2 protein chains.
Amino acid sequence: MNTPTSPSFRPLYDQIKILITQSLIAGEWRPGDAIPSEIDLAGRFKVSQGTVRKAIDELAAENILIRRQGKGTFVASHSQERSSTRFLRIARDDGITEYPSSRLLSVTRERAPEHTARLLDLRTGASIFCIKRLLSFEGVPRIFDEIHVPASTFKGLDEAMIRNFPGSLYSFFETHFGIAMIRAEEHIKAVPAGAAESELLQVVPQSPLLRVDRVAFTYGDRPVEWRRGLCHTERFSYVTEMS
Amino acid sequence: MNTPTSPSFRPLYDQIKILITQSLIAGEWRPGDAIPSEIDLAGRFKVSQGTVRKAIDELAAENILIRRQGKGTFVASHSQERSSTRFLRIARDDGITEYPSSRLLSVTRERAPEHTARLLDLRTGASIFCIKRLLSFEGVPRIFDEIHVPASTFKGLDEAMIRNFPGSLYSFFETHFGIAMIRAEEHIKAVPAGAAESELLQVVPQSPLLRVDRVAFTYGDRPVEWRRGLCHTERFSYVTEMS
DNA sequence: TATGTTATATCTTATATAAGTTATATGTTA
DNA sequence: TAACATATAACTTATATAAGATATAACATA
């Protein structure tokens, strides 16, 4: 029951949000797809168009759906040009937008240590993939990434697949595994460059690097990626906004 | 004119947003105040309650207004407990929330160099105040801040005023000068500690620090503060979220 | 203290119009 | 006839209004 006074009360539009999210989790509509029109959804969920509208409004505000007047409402995708850089916050100090090129270093299968398992909501020792890569701007290496994902969620992932894929990593995850990243939390520190990093990023050992730890989530706030990026911030900055 | 087909067309709710913002700029309602009820505003602006509602919804989403069911809608304030830490993104790694203590180092009047003037939308050489302070967690110094504000906007600011004020700096700006910070942009780098910083933050020279450059804005997107924070991130991280 | 009243924001539905997009039908022209 | 342009229709989201029920909070009153 969901009477207005019951303790588990949720407004209708919030319940619709959950129902839409469940369809996204189930893969009924995949990234890039159009979802049914507001009127269709209103009929399906037996509520008014205005209530569906409010639910979609909130999902659009969370960048999970994208509204396009006259065309319809679409499932947000990292394959779209507009959001290809949504999760990349490193930018040139001079303001010029430049897309980094990626060099894949390795893809290995490993057992999740306790720390990683906790972040990804797995059992310690669960099978994970570890992807290492180097991002370069203008040919200059700037970011060394170590990316960890559960093997169970990304069955069959291998180096060749990534290498042959033209787009971003998150776009790759979407098209090959149907996993859409919708949110991420980052913890940032300043750390001295170790031996491996200083070699890869071509900096002297011990020089300051930005260490960006990220946990990324898919629909239903399920963590599906944990990565550590080491970033050489000469002429580049991590840019963020708050309000 | 603002007919639907005119080039300068803005939807009604957007015009209402601007009118409300103008009242905030004019100081008609100050931080912490309740603004008139939706019905009152609808009467004042000669639109329906729903249109006022949509305008307020957006301003609330931008953290400029705060809605409280049953009580009214209030101008967001840094003096409120809930938002006192809204712009402080440095947090303990163990997740425990701890508020830093501040030690004021100096307040000086200076002439804005070209870089600072550009960020604050001033003429080079305009008079500014420079506030230096040290933030400590558990008595351990972690953040060295250099804060620059236009003297014209903060007339009469002096060291004693800040020293005697109990709350946060942004709360101080609100209560003494009516300036509410509503948005900030930050650029973050990893840099080696210089002589002065290493002394203040009790770290060995050249050790990595987080350098956080911030420009903060008040109503109407007017820049009113530029600061540089140098942060020792041992056992602390800069935390952020994206979607 | 308990109860009721009032004022507020919140939720839901309904209706109408505006505006952007796309496909199709209808011409018009070469 | 074929190719192209234009008008129209049908669909979408966006905007605006109205009205009623509900939740929350503050206050007055018994």
Side-chain angles (χ1 to χ4, degrees), chain A residues 1-20 29 32-77 80-82, chain B residues 1-20 29 32-77 80-82:
Chain A
M1 288 295 286
N2 189 359
T3 52
T5 38
S6 88
S8 65
F9 172 71
R10 274 176 182 279
L12 260 187
Y13 75 86
D14 215 359
Q15 300 179 43
I16 303 303
K17 263 184 81 173
I18 293 171
L19 291 173
I20 292 174
W29 314 305
D33 286 357
I35 69 171
S37 74
E38 295 179 351
I39 290 173
D40 287 354
L41 289 174
R44 166 167 166 178
F45 298 134
K46 304 271 182 280
V47 297
S48 76
Q49 185 194 358
T51 300
V52 170
R53 201 170 167 69
K54 174 138 185 171
I56 292 177
D57 275 346
E58 295 209 347
L59 290 168
E62 296 168 28
N63 293 313
I64 291 171
L65 299 178
I66 295 176
R67 319 192 71 138
R68 286 201 242 275
Q69 185 177 168
K71 300 189 72 170
T73 300
F74 298 79
V75 183
S77 165
Q80 297 155 252
E81 193 55 42
R82 29 215 304 179
Chain B
M1 287 293 287
N2 190 355
T3 53
T5 38
S6 87
S8 64
F9 173 70
R10 273 177 181 278
L12 259 187
Y13 73 86
D14 214 359
Q15 300 177 43
I16 304 303
K17 262 185 81 173
I18 293 171
L19 291 174
I20 292 174
W29 313 305
D33 287 356
I35 69 170
S37 76
E38 295 180 352
I39 291 172
D40 286 353
L41 288 174
R44 164 166 166 178
F45 298 134
K46 303 272 182 278
V47 297
S48 74
Q49 186 196 356
T51 301
V52 169
R53 197 171 167 68
K54 175 139 185 171
I56 292 177
D57 276 347
E58 295 207 348
L59 289 167
E62 297 168 28
N63 292 313
I64 292 171
L65 299 178
I66 296 175
R67 319 190 72 136
R68 285 202 242 276
Q69 187 177 168
K71 300 187 73 171
T73 300
F74 299 78
V75 182
S77 165
Q80 297 155 251
E81 194 56 43
R82 30 212 307 176

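Numbers restart at 1 for each chain; the letters A, B, ... are given by sequence-line order, proteins then strands. If you're wondering where the values come from, they're calculated on a predicted model, not measured in any experiment.
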**Asked** Taking for each residue the nucleotide of DNA chain C bearing the nearest heavy atom, is the 5' side occupied by A/G70 or by A/K46?
**Response** A/K46

**Asked** So does A/K54 get a side-chain nitrogen or oxygen closer than 4.0 Å to the phosphate oxygens (OP1/OP2) of C/dC11?
**Response** yes

**Request:** Report the distance from atom CG of B/L59 to atom C1' of C/dA9, rounded to the nearest whole Å.
**Result:** 16 Å

**Prompt:** For the pair made of CG in B/D57 and C1' in C/dA9, what is the distance, rounded to whole Å?
**Reply:** 10 Å

**Prompt:** Below 4.0 angstrom from OP1 or OP2 of D/dT13, is there any side-chain N or O of A/R53?
**Reply:** no

**Request:** Measure the distance from CG on B/L41 to P on C/dT8 and round it to the nearest whole Å.
**Result:** 11 Å

**Request:** May I have the distance from A/I39 (atom CD1) to C/dT13 (atom P), rounded to whole angstrom?
**Result:** 15 Å

**Asked** How far apart are the closest heavy atoms of A/L41 and A/P36, and which atoms are they?
**Response** CD1-O, 3.6 Å

**Spacing of A/E38 atom CD relative to D/dT12 atom P, expressed in whole Å** = 10 Å

**Prompt:** Can you check whether A/V47 reaches A/Q15 side chain to side chain, under 4.5 Å on heavy atoms?
**Reply:** no

**Complete:** Quick note, B/P11 side chain, CB onward, closest among D/dT12, D/dA16, C/dT21 is D/dA16

**Message:** If you only use heavy atoms from C-beta on, which nucleotide in D/dT15, C/dT10, C/dT8 is closest to the side chain of B/Q49?
**Reply:** C/dT10

**Prompt:** Below 4.0 angstrom from OP1 or OP2 of C/dT22, is there any side-chain N or O of A/K71?
**Reply:** yes

**Request:** Rounded to the nearest 0.5 Å, what's the gap from CD1 on A/I35 to CD on A/E38? Could you check?
**Result:** 8.5 Å

**Fill in**
Under a 3.5 Å limit on both distances, the Watson-Crick or wobble mate of D/dA26 is C/dT5

**Item:** A/D40, nearest nucleotide to its side chain (from D/dT12, D/dA14, D/dA26)
**Value:** D/dT12

**A/V75 to A/Q80 - nearest heavy-atom pair and separation** = O-OE1, 3.8 Å

**Prompt:** Is any side-chain N or O of B/S37 closer than 4.0 Å to OP1 or OP2 of C/dA7?
**Reply:** no

**Asked** For B/D14 and D/dA14, what is the distance between atoms CG and C1' respectively, to the nearest whole Å?
**Response** 12 Å

**Closest approach of A/G32 to A/F74 (non-hydrogen atoms, all atoms of both residues)** = O-CD2, 3.6 Å

**Prompt:** Less than 4.5 Å apart, any side-chain heavy atom of A/D57 and any of A/R67?
**Reply:** yes

**Message:** Counting only side-chain heavy atoms from C-beta out, which of C/dA9, D/dT17, C/dT13 sits nearest to A/V47?
**Reply:** C/dT13

**Message:** Side chain of A/T51, heavy atoms from C-beta onward: which of C/dT12, C/dA9, D/dT13 has the nearest atom to it?
**Reply:** C/dT12

**Message:** Side chain of A/L12, heavy atoms from C-beta onward: which of D/dA26, C/dA9, C/dT13 has the nearest atom to it?
**Reply:** C/dT13

**Prompt:** A/R67 side chain N/O closer than 4.0 Å to the phosphate oxygens (OP1, OP2) of D/dA14?
**Reply:** yes

**Complete:** Whole-Å distance, B/F74 CZ to D/dA26 C1', equals 11 Å

**Complete:** With the side chain defined as heavy atoms from C-beta on, A/S48 is closest, among C/dT13, D/dA25, C/dT10, to C/dT13

**Message:** Quick check for you: among C/dC11, D/dA14, D/dT17, whose closest atom lies nearest to any side-chain atom of A/Y13?
**Reply:** C/dC11

**Message:** Just the rounded figure in Å: distance from P of D/dA14 to CD of A/Q69.
**Reply:** 6 Å

